[in-house]
K.L.:
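Got a structure for you, written out below as structure tokens; questions coming shortly.
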Amino acid sequence: MQMIRTPEDETEARAIQDELRGLVVRDEPGPPPGTGLVTGVDVAYDDERDVVAAAAVVLDAATLAVVEEATAVGTVAFPYVPGLLAFREIPTVLAALEALSSDPGLVVCDGYGRAHPRRFGLAAHLGVLTGLPVIGVAKNPFTFSYEQPGGRRGDSSPLLADDGEEVGRALRTREGVKPVFVSVGHRVDLANACAHTLRLARDYRLPESTRRADALCRRALREATG
DNA sequence: GCGACAG
DNA sequence: ATCTTGTCGC
């Protein structure tokens, strides 16, 4: 049940991105922070055996308590190429999401959405394929530039593309700790994406959703591989 | 042509 | 992403 087309090469992959980019919805604020469900997704790889494991962890947005977990294991179908990450991750992530009985609510993934060379990163791609509201929270600035945000939790600064567009924000989630990089994927605006991220990063630098998904997909990979 | 580059 | 020990600190 892979709704993603696995391209034959990089040229085809970029063409798919250019085609799907027009389907991204950017004029919806998205679900209000702190209510409903939030689902973190992440993947881990065993490049030796071409195995990939994905995890989806559903949290109660208000308490950050785990509501449901699901995993999926698959075969790596595409190499890692900067700008084409979605083709490597999404097939297995979709399988994990489909294994959930809960409605995922807002989906939070590792990596970027709008902040992408062709403005169609992983979070945007996943959003278009599922129709769900999705945001991306990355651990480094990729190719984008930014000024260091203030040192306090909640401080942020624009993440800028070469053409000057604000494609995301560098958001300080912990005092004096390196910021995270937030960008919108689908059906969520940037201010709301940052608000969600800040609530999810209540106890650590990274959102609880991605921390939980990261731990789970590593465990799934270990159990699938050995 | 070279370097850099989410995970 | 992944390869990888100990170590400083709350």
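Just so you know, these numbers use all the heavy atoms, side chains as well, and skip hydrogens, waters and symmetry mates. Everything quoted here is computed from the prediction, not taken from an experiment. Residue numbering restarts at 1 for every chain, and letters A, B, ... go by the order of the sequence lines.
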K.L.:
Find the distance A:Phe181:CZ to B:dC5:C1' and express it as a whole number of Å.
P.N.:
14 Å

K.L.:
Where the side chain of A:Leu221 is concerned, which of B:dG7, B:dC5, C:dT2 is the nearest nucleotide?
P.N.:
C:dT2

K.L.:
When you check the gap from the basic side-chain N to the acidic O, do A:Arg21 and A:Asp18 get nearer than 4.0 Å?
P.N.:
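Salt bridge between A:Arg21 and A:Asp18, a charged N being under 4.0 Å from a carboxylate O: yes.
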
K.L.:
Is any side-chain N of the basic residue among A:Arg172 and A:Glu175 closer than 4.0 Å to the acidic one's carboxylate O?
P.N.:
no

K.L.:
Answer with yes or no whether the side chains of A:Gln148 and A:Ser157 bring together a donor and an acceptor at under 3.5 Å.
P.N.:
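No - no donor-acceptor pair under 3.5 Å links their side chains.
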
K.L.:
A:Tyr112 OH to B:dG7 P: how many Å, rounded?
P.N.:
8 Å

K.L.:
Please work out if A:Asp42 contacts a base, only the sugar-phosphate, or nothing of the nucleic acid, heavy-atom cut-off 4.0 Å.
P.N.:
sugar-phosphate

K.L.:
Determine the contact category for A:Gly136: base if any of its heavy atoms lies under 4.0 Å from a base atom, sugar-phosphate if only primed atoms, P, OP1 or OP2 are that close, otherwise nothing.
P.N.:
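The answer is nothing, as A:Gly136 stays clear of every strand by at least 4.0 Å.
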
K.L.:
Using 4.0 Å as the upper bound for N to carboxylate O, is an ion pair formed by A:Asp42 and A:Lys139?
P.N.:
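A salt bridge is absent here (no side-chain N lies under 4.0 Å from a carboxylate O).
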
K.L.:
Given the rule that I, L, V, M, F, W and Y join up when any side-chain heavy atoms are under 4.5 Å apart, are A:Phe142 and A:Val137 in one cluster?
P.N.:
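No; A:Val137 is not reachable from A:Phe142 via cluster members.
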
K.L.:
Looking at B:dC5, C:dT2, B:dG7, which one has an atom nearest to any side-chain atom of A:Phe142?
P.N.:
B:dC5

K.L.:
Report yes or no: is the cationic atom of A:Arg211 (NZ for Lys, CZ for Arg) closer than 6.0 Å to the six-membered ring centre of A:Tyr204, at no more than 45° off its axis?
P.N.:
yes

K.L.:
For the pair made of OH in A:Tyr204 and P in C:dG9, what is the distance, rounded to whole Å?
P.N.:
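Going from A:Tyr204 (OH) to C:dG9 (P), I get 19 Å.
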
K.L.:
Please lay out, stage by stage, how A:Tyr45 and A:Glu89 fare under the test side chain to side chain donor-acceptor pair (under 3.5 Å).
P.N.:
CA-CA 10 Å; A:Tyr45 304 97; A:Glu89 305 213 336; 3.0 Å; yes

K.L.:
Could you state the atom-to-atom distance from CZ of A:Phe87 to C1' of C:dA1 in whole Å?
P.N.:
19 Å

K.L.:
Rounded to the nearest Å, what distance is computed from the CG atom of residue A:Asp214 to the P atom of nucleotide B:dG7?
P.N.:
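Interatomic distance, CG of A:Asp214 to P of B:dG7: 11 Å.
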
K.L.:
Roughly, in whole Å, what's the span from NE2 in A:His116 to P in B:dA4?
P.N.:
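Roughly 20 Å, once rounded to whole Å.
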
K.L.:
Examine C:dA1: is either OP1 or OP2 under 4.0 Å from a nitrogen or oxygen in the side chain of A:Arg218? Give yes or no.
P.N.:
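Looking at the OP1 and OP2 atoms of C:dA1, one of them is under 4.0 Å from a side-chain N or O of A:Arg218.
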
K.L.:
Represent DNA chain C in dot-bracket notation, 5' to 3'. Only Watson-Crick or G-U wobble pairs with both distances under 3.5 Å count; pseudoknot-style crossings use [ ] and interstrand partners use |.
P.N.:
..........

K.L.:
Report yes if a side-chain nitrogen or oxygen of A:Lys139 is closer than 4.0 Å to either non-bridging phosphate oxygen (OP1 or OP2) of B:dG7; otherwise report no.
P.N.:
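So the side-chain polar atoms of A:Lys139 do come within 4.0 Å of the phosphate oxygens OP1 or OP2 of B:dG7, strictly under.
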
K.L.:
If I take atom OH in residue A:Tyr146 and atom P in nucleotide B:dC5, what distance separates them, rounded to the nearest angstrom?
P.N.:
12 Å

K.L.:
Look at all strands and tell whether A:Ala44 reaches a base, only sugar-phosphate, or nothing, counting heavy atoms closer than 4.0 Å.
P.N.:
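The residue A:Ala44 makes sugar-phosphate contact but no base contact.
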
K.L.:
Would one find a side-chain N or O of A:Tyr45 under 4.0 angstrom from OP1 or OP2 of C:dT2?
P.N.:
no

K.L.:
Just how far, in rounded Å, is P of C:dT2 from CG of A:Leu85?
P.N.:
12 Å

K.L.:
Scan A:Leu159 against the nucleic acid and name what it touches under 4.0 Å (heavy atoms): base, sugar-phosphate only, or nothing.
P.N.:
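If one applies the 4.0 Å heavy-atom cut-off, A:Leu159 turns out to touch nothing in the nucleic acid.
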
